[in-house]
Amino acid sequence: MTPEPKTKQLIRPMSPTWWLEKPAYTNFMIRDFTSVFIAAYCIFLMVVLCKAMHSDAASFQAFYASWGSGFSKTLHLIALIFAAYHSITFFNLTPRVIVVFKGEEKVPESTIALAHYGLWAVVSLVIIVIGLWV
Amino acid sequence: MARSNEPLWWGPFSAGMMVGALCVPALILLTGFLLPSLKPGADQANRVQALIQSPLTRIFIVAVISLSLFHFAHRFRYVLFDLGVKGGKSLVAFLCYGSAIVGTALSIAIAMRWI
Amino acid sequence: MSKTITLEVFRYQPDQSDEPRFQSYTVPYREDWVVLDALNYIKDQLDGTLSYRWSCRMGVCGSCGMMVNGTPKLTCAAFLKDYYPKPVKVEPLTNFPVLRDLVVNIDDFMHKMKEVKTWLIPKKELPMAGSGEYLQKPEELAQYKQFSMCINCMLCYAACPVYGMEPEFIGPAAIALAQRYNLDSRDGAKDERAEVIFSGEGIWECTFVGECSVVCPKKVDPAGAIQQAKVQATKEWWLGWIMPKAK
Ligand code: SF4
Ligand code: FES
């Protein structure tokens with residue numbers, strides 16, 4: 001409910017390509033599009049789940065062997081780049097959202113970001129260890 | 001003006017953001033590179049299949065899939081607005097969140113062997 | 001010969017033409033001059049018809065915000081030496097309607113501040129009929145101090161593409177200011193403000209582009225304020241379902 005202007009005024013509409021006009025805006029678009037690649041990987045996870053639940057050993061073995069193909073590796077690499085970009089940008093932003101006070105002092109932003117990076121390392125390690133050896 | 005019901009979507013969205021950031025890179029590394037290079041072969045395939053079939057892994061995978069889809073749905077919905085897609089706001093929302101809900105239902109059904 | 005620098009200044013004179021244009025001025029270059037000094041030189045020496053806003057010349061009043069080479073800046077804090085010898089392009093803040101030259105219409109922002117009630121609404125009336133003090137501990141002050149630094153310069157609005165696309169969006173500074181009072185231990189109007197800032201035109205429009213906080217001259221971090229409010233609103237909403245009486 002913007003008030004009606006009383007005098008003549010010039011409206012400068014935003015260009016539809018505003019996100020190309022500044023690197024920061026472009027980075028924002030890339031950051032938001034990482035979710036598309038993560039979702040695409042999740043479709044693959046659904047296929048993995050489906051094969052593991054429904055296939056017999058022989059056909060799962062064939063499916064498992066296909067993960068090593070160049071095609072699979074290329075797709076995984078693309079997904080990995082975007083997923084890592086999501087993680088890094090997300091953890092860097094956490095201190096802006098999670099604010100902790102110790103009395104009058106704010107816990108430093110770097111501490112909160114580092115805590116998240118630490119958690120990331122631990123979770124990743126657990127997933128990899130279980131995936132490889134359990 | 002009144003408080004919006006947006007938290008209904010923002011809750012799973014932010015959870016998906018967190019889970020995706022913490023777990024997805026490691027999962028991609030695993031299925032894309034580590035398993036095929038370090039653990040090839042039929043025995044390993046059987047081991048991985050058994051691992052995925054265990055209930056805890058199934059819960060984990062379904063959670064990652066579902067939350068990531070909600071993360072995608074919410075972000076994509078707003079990215080379209082930022083790109084200037086003005087019309088059909090509710091249609092966009094319906095399609096985005098609808099796909100996340102269908103994806104979630106589907107992965108639960110797969111994990112439970114309902115389909 | 002003394003050094004000079006060129007300013008490309010946006011002109012819009014609705015009494016003469018509906019079309020904006022750029023006008024070049026060459027002004028003396030001084031190490032210690034800011035863009036506002038150069039504009040004042042133009043106004044005093046070269047062209048008295050140029051219109052722009054300013055007052056304090058020291059980053060306090062918040063009235064001299066303009067686009068300097070495409071970035072929202074306080075012109076009293078943007079030094080020519082950071083641009084010299086290249087020309088400097090000066091435009092009115094983006095996302096706002098232009099009234100004349102570098103002067104934008106700020107009614108919308110004023111209106112939004114009113115809507116979110118950016119003033120203290122005390123929890124309880126003062127004892128002794130309006131006299132006495134509201135006491136506050138330093139750690140209570142710390143909760144909102146950062147958001148109270150805002151000088152209403154609107155640079156954040158000029159940096160916000162969401163506001164550019166959706167002028168209904170309440171926007172960075174107004175939400176940060178709402179949080180400034182919400183987090184104040186003496187204030188009691190959190191729920192009233194929530195009706196506005198937790199509405200569809202409030203925090204949910206924001207996609208955390210984050211440029212508002214980058215351009216803010218006072219490190220208010222309005223983007224952070226908005227995300228913190230989202231977390232808070234989401235907690236309250238879900239808790240409201242789980243235990244409806246908690247609110
Ligand atoms: S939040 Fe910062 S940029 Fe925005 S009006 Fe306040 S001081 Fe200016
Ligand atoms: S003139 Fe007051 S802030 Fe620049």
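Lettering follows sequence order; numbering is per chain, from 1.
- Listed by chain and number, the residues in a side chain to side chain donor-acceptor pair (under 3.5 Å) with A/H86 amount to none (sequence neighbours excluded).
- Considering CZ of A/F90 and OG of B/S14, their distance stands at 8.0 Å, rounded to 0.5 Å.
- By number of non-hydrogen pairs under 4.5 angstrom with chain A, the leading residue of B/G16, B/A100, B/P36, B/A109 is B/P36.
- The shortest heavy-atom contact between A/L132 and B/K39 is O-CE, 3.4 Å.
- Annotation for B/Q49 and A/A52: closest pair NE2-O, 3.2 Å, computed over non-hydrogen atoms.
- B/R75 places a side-chain N or O within 3.5 Å of a backbone atom of A/R31 that can act as its donor or acceptor partner.
- Ranking B/T57, B/V48, B/L29 against chain A, the residue ahead of the rest is B/V48, based on heavy-atom pairs under 4.5 Å.
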_Worked check of side chain to side chain donor-acceptor pair (under 3.5 Å) between B/T31 and A/Y41_ = CA-CA 10 Å; B/T31 60; A/Y41 177 72; 2.9 Å; yes
*Step by step, work out the side-chain contact (heavy atoms from CB on, under 4.5 Å) result for B/V62 and A/L49.*
CA-CA 9 Å; B/V62 169; A/L49 188 65; 4.1 Å; yes
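- For the pair B/G32 and A/K73, the tightest heavy-atom approach, listed with the atom from each and the gap, is O-CG, 3.6 Å.
- Ranked by heavy-atom pairs under 4.5 Å with chain A, the first of B/R113, B/Q53, B/R58 is B/R113.
- Ranked by heavy-atom pairs under 4.5 Å with chain B, the list A/I38, A/V134, A/V123, A/L77 is led by A/V134.
- In this structure, the portion of A/T34 lying under 4.5 Å from any heavy atom of chain B is its side chain and not its backbone.
- The residue among B/L83, B/I61, B/V24 with the most heavy atom pairs within less than 4.5 Å of chain A is B/L83.
- Taking chain A as the reference chain and counting heavy-atom pairs below 4.5 Å, the highest number among B/D43, B/L69, B/L34 is found for B/L34.
- Checked by atom type and distance alone, the side chain of A/W67 never pairs as donor or acceptor with a backbone atom of B/L30 at under 3.5 Å.
- Scanning both residues, A/Y64 and B/P40, for their nearest heavy atoms gives CE2-CA, 4.4 Å.
- Annotation: maximal heavy-atom pairing with chain B below 4.5 Å, among A/I43, A/L45, A/V122, A/T17, occurs at A/L45.
- The stretch residues 93-119 of chain A places A/H116, A/L119 near chain B, each with some heavy atom under 4.5 Å from a heavy atom of that chain.
- Contact count against chain B (heavy-atom pairs under 4.5 Å) is highest for A/H76 among A/M29, A/H76, A/K51.
- Minimum heavy-atom separation, B/L22 to A/S124: O-OG, 3.9 Å.
- Note: B/M17 leads B/M18, B/M17, B/Q44, B/H74 in heavy-atom pairs under 4.5 Å with chain A.
- Shown here for A/G131 and B/L35, the closest heavy-atom pair between the two residues is O-CD2, 3.5 Å.
- The contact between B/F60 and chain A is made entirely by side chain atoms (from C-beta outward), counting heavy-atom distances below 4.5 Å.
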